[in-house]
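Working notes, beginning with the structure itself.
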Amino acid sequence: MLKGKKIVIGITGSIAAYKIPFLIRLLIREEAMVRVIMTPSAKDFVTPLTLSTLSRANVIIDPFKESTGEWNNHVELGSWADVMVFAPVTANTIGKMANGIADNFLVTAYLSAKCPVFIAPAMDLDMYNHPSTQRNIQVLRSFGNMIIEPQVGELASGLSGPGRLEEPEKILTLLRSYFEKKQDFAGKTILVTAGPTFEAIDPVRYIGNRSSGLMGFSLAEEASCRGARVILVSGPTHLNPGNPGIQFVKVVSAAEMYQACSNSFPSADIVIMAAAVADYTPSTVSVVKIKKKEKTISLGLKKTTDILEELGKRKKKDQLLVGFALESGDGIKNAREKLKKKNLDLIILNKLEDKGAGFEATTNKVTIIGKKGDPLTGELKDKKAVAADILDAIFKLRVNLKGI
Ligand code: CTP
């Protein structure tokens with residue numbers, strides 16, 4: 001699967017750098033072409049000689065070759081690579097990548113990448129959990145970079161927690177499945193909604209919710225990688241689609257989302273409504289900022305249009321409609337009722353009780369429920385992996401529907 005694939009491996013100064021020679025050996029065994037770049041401080045953890053011997057190519061550390069005065073061309077490397085894998089990546093380099101601070105060859109190569117980029121953070125748990133690291137990782141995600149989540153376990157410091165670099169075998173599996181990816185949605189148009197909606201109360205205030213948009217964006221990315229033409233209609237989030245092929249429609253309110261979905265629905269083969277659309281909106285919007293004159297005020301609310309239900313009524317025979325349901329209690333029963341009521345083909349159930357799943361998390365745990373068959377409950381995993389599972393389920397459904 002990896003034969004002839006051009007892979008750039010970027011190593012930074014983390015103790016976990018000792019695992020990378022194993023990764024390189026595995027890649028070379030699969031006949032991949034590997035070029036290694038490293039930061040100067042990575043040399044303290046693994047030697048360039050080891051890496052150049054295993055990768056069968058010179059290791060690049062500095063922008064210039066001191067002995068000859070030649071320039072190491074990061075732009076060329078950026079165009080050469082089919083994929084770049086930065087592992088391990090320290091909090092320092094994550095910060096530089098997120099902010100475009102190109103003070104070494106590795107970051108210049110990162111900024112020149114024309115290919116998909118995997119980033120595998122590795123550090124001590126407190127550094128990993130620090131808000132600045134978490135914010136920078138979010139920024140990298142919003143660039144469309146794929147984060148290889150660190151594992152929870154014993155760390156070099158003797159502490160235990162998140163921060164362990166993913167094992168080389170797992171990184172290899174990830175790369176294999178990335179290259180294996182079939183173009184199984186080629187020729188299909190998929191409308192995906194994401195994020196919250198904001199319902200205006202007055203010119204400065206609104207009713208919103210905590211949806212980050214990550215689940216919808218992950219679905220859009222995955223669908224696009226698998227060959228679909230993707231229209232992503234999103235409420236306000238800080239995310240941007242990493243894939244330039246995605247048609248991005250920004251909306252604010254439930255009414256705007258309804259309008260955008262109605263416009264795109266006729267051309268869509270599949271609709272995935274991952275957005276957390278407001279169920280109610282203020283009955284009237286004050287044109288001026290509401291003054292705090294009264295001791296108490298009441299806000300009149302009216303129901304928004306249920307977009308999914310409306311699309312369910314308009315659905316043609318060869319269109320597929322997928323909804324989400326966030327439930328507590330008997331989730332499967334409630335989700336099944338929703339599936340029927342809204343004329344859906346598939347419903348993705350999130351249980352409120354599941355830790356690490358839902359709105360603000362980067363991971364999710366879902367149960368996929370169709371009209372027939374048993375519900376399929378997955379593990380808690382990265383939202384990108386959950387997106388892949390959902391698209392696999394849609395693919396199976398589509399194949400069945402068309403009787404192929
Ligand atoms: N949805 C929608 N339009 C709305 C509200 C929700 O299209 N105005 C979609 C969401 O995108 C999601 C599904 O409906 O796919 C979730 O519905 P949910 O809010 O969980 O359930 P409701 O049908 O609103 O019922 P309730 O909140 O009472 O459980």
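What you see below is based on every heavy atom in this structure, not just the backbone, and it leaves out hydrogens, waters and symmetry mates. Just so you know, ligand 1 is whichever comes first in the structure, and atom 1 is the first atom listed for that ligand.
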Among all protein heavy atoms, pick out the one at the shortest distance from atom 11 (O) of ligand 1; state its residue, atom name and that distance to 0.1 Å. Ala275 O, 2.7 Å

Between Ser211 and Phe359 (side chain of the first, backbone of the second, donor and acceptor by atom type, cut-off under 3.5 Å), is there such a pair? no

The atoms of ligand 1 lying under 4.0 Å from a heavy atom of Gly323, numbered in the order shown, are 15 (O)

Can you pull out the closest protein heavy atom to atom 13 (C) of ligand 1? Residue, atom name and distance to 0.1 Å, please. Phe324 O, 2.9 Å

Identify whether the distance between the nearest side-chain nitrogen and carboxylate oxygen of Lys19 and Glu167 falls below 4.0 Å. yes

Salt bridge flag under 4.0 Å for residues Lys5 and Asp82: no

Quick check on contacts: which atoms of ligand 1 are under 4.0 angstrom from a heavy atom of Thr304? 8 (N)

Just to confirm, does any protein heavy atom lie below 4.0 Å from atom 24 (O) of ligand 1? yes

Closest to atom 29 (O) of ligand 1 (heavy atoms only, candidates Glu327, Lys341, Lys338) is Lys338

Quick one: do the Arg135 and Gln138 side chains pair a donor with an acceptor below 3.5 Å? no

Going by the 4.0 angstrom heavy-atom rule, the piece of Asp306 near ligand 1 is both

Short list, please: which atoms of ligand 1 are under 4.0 Å from a heavy atom of Leu308? 2 (C), 7 (O), 9 (C), 13 (C), 14 (O), 15 (O)

Given Phe118, which of Tyr178, Tyr110, Phe86, Phe179 fulfils the ring pair (Phe, Tyr, Trp, His ring centres under 6.0 Å) condition? Tyr178

How far is atom 5 (C) of ligand 1 from the closest protein heavy atom, and which atom is that? Asp279 OD1, 3.3 Å

Please identify which atoms of ligand 1 are closer than 4.0 Å to at least one heavy atom of Ala278. 8 (N)

Any N or O of Val277 closer than 3.5 Å to N or O of ligand 1: no

Check the pair Arg205, Ser286 against side-chain hydrogen bond (donor to acceptor under 3.5 Å, both in side chains), reporting the backbone distance first and the verdict last. CA-CA 10 Å; Arg205 303 181 181 97; Ser286 171; over 6 Å; no

Point-to-point distance, once rounded to the nearest 0.5 Å, from CD1 of Ile28 to CG of Leu54: 8.0 Å

Strictly by modelled atom types, are Ser224 and Arg229 linked by a side-chain donor-acceptor pair under 3.5 Å? no

Tell me, please: is Ala254 in heavy-atom contact with ligand 1, that is, under 4.0 Å? no

Does the pair Arg176/Glu30 count as a salt bridge with the N-to-O cut at 4.0 Å? yes

Within-cut-off N or O pair, Ala276 and ligand 1, under 3.5 Å: no

Could you tell me, atom by atom, which parts of ligand 1 come under 4.0 Å of a heavy atom of Thr305? 3 (N), 4 (C), 8 (N)

Contact check, side chains of Ile9 and Ile37, non-hydrogen atoms, under 4.5 Å: no

Using a 4.0 Å cutoff against the non-hydrogen atoms of Lys342, which atoms of ligand 1 qualify? 13 (C), 14 (O), 17 (O), 22 (P), 23 (O)

What part of Ile307, side chain, backbone, both or neither, has a heavy atom within less than 4.0 angstrom of ligand 1? both

Do Thr197 and Glu199 meet the criterion of a side-chain donor-acceptor pair at a distance under 3.5 Å? yes

Using distance alone, determine whether Met273 and ligand 1 share an N or O pair under 3.5 Å. yes

